[in-house]
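These notes are about the structure you will find just below.
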Amino acid sequence: MARNGALVPESKSKLQSLKTEAANAMNVNLKQGYNGDLTSREAGSVGGEMVKRMIAYAQNNMSGNGSNMNR
């Protein structure tokens, strides 16, 4: 079943903030709205940086016993 809304309502703004931070760290100039003038390399570097930061966040916040898995 397709879901039109976010499971966590504030996630959209948090991801936008993460994208902006990652773009600034990679010296990629993001504009508000359409960013079709970015190269594939620039867009990929921003996405890759976002994934690295999300993985680091998850690893730092995982419990050692795995009790939060499969809930």
Side-chain angles (χ1 to χ4, degrees):
M1 181 168 146
R3 202 178 290 224
N4 292 331
L7 188 60
V8 180
E10 63 273 6
S11 64
K12 189 170 184 171
S13 64
K14 297 286 186 184
L15 281 173
Q16 185 61 42
S17 296
L18 178 61
K19 183 181 355 178
T20 302
E21 287 177 25
N24 289 338
M26 305 299 294
N27 293 322
V28 174
N29 185 23
L30 284 184
K31 300 180 297 266
Q32 201 65 7
Y34 180 71
N35 283 289
D37 57 338
L38 293 179
T39 66
S40 296
R41 180 178 291 252
E42 289 172 326
S45 67
V46 171
E49 183 66 21
M50 289 174 67
V51 169
K52 285 196 303 191
R53 289 178 184 210
M54 286 186 275
I55 290 170
Y57 177 83
Q59 287 175 334
N60 289 333
N61 291 294
M62 289 175 66
S63 65
N65 62 10
S67 64
N68 291 331
M69 301 302 241
N70 300 323
R71 280 195 178 179

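What you see is a predicted model, and the numbers here were worked out from it, not measured in a lab. Residues: numbered from 1 along the sequence shown.
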| query | Is Asn29 reaching over with its side chain to a backbone N or O of Asn27, donor-acceptor style, under 3.5 angstrom? | reply | no

Can you give each donor-acceptor pair under 3.5 Å made by side-chain atoms of residues 50-58, sequence neighbours left out, with the distance rounded to 0.1 Å?
{"from": "Arg53", "atom 1": "NE", "to": "Glu49", "atom 2": "OE2", "distance (Å)": "3.0"}

| task | Could I get the full list of side-chain contact (heavy atoms from CB on, under 4.5 Å) partners for Ser40, not counting sequence neighbours? | result | none

| Would you say Gln32 has more than 12 foreign heavy atoms packed within less than 6.0 Å of its CD? | no

Show me the side-chain donor-acceptor pairs of residues 16-26 shorter than 3.5 Å, one per line, residues at least two apart or across chains.
{"from": "Ser17", "atom 1": "OG", "to": "Ser13", "atom 2": "O", "distance (Å)": "3.1"}
{"from": "Thr20", "atom 1": "OG1", "to": "Gln16", "atom 2": "O", "distance (Å)": "3.0"}
{"from": "Asn24", "atom 1": "ND2", "to": "Thr20", "atom 2": "O", "distance (Å)": "3.3"}

| Heavy-atom closest contact (Gly33 atom, Asn35 atom, distance) | O-ND2, 3.1 Å

| note | Residues passing the side-chain hydrogen bond (donor to acceptor under 3.5 Å, both in side chains) test with Lys31, sequence neighbours excluded, are Asp37

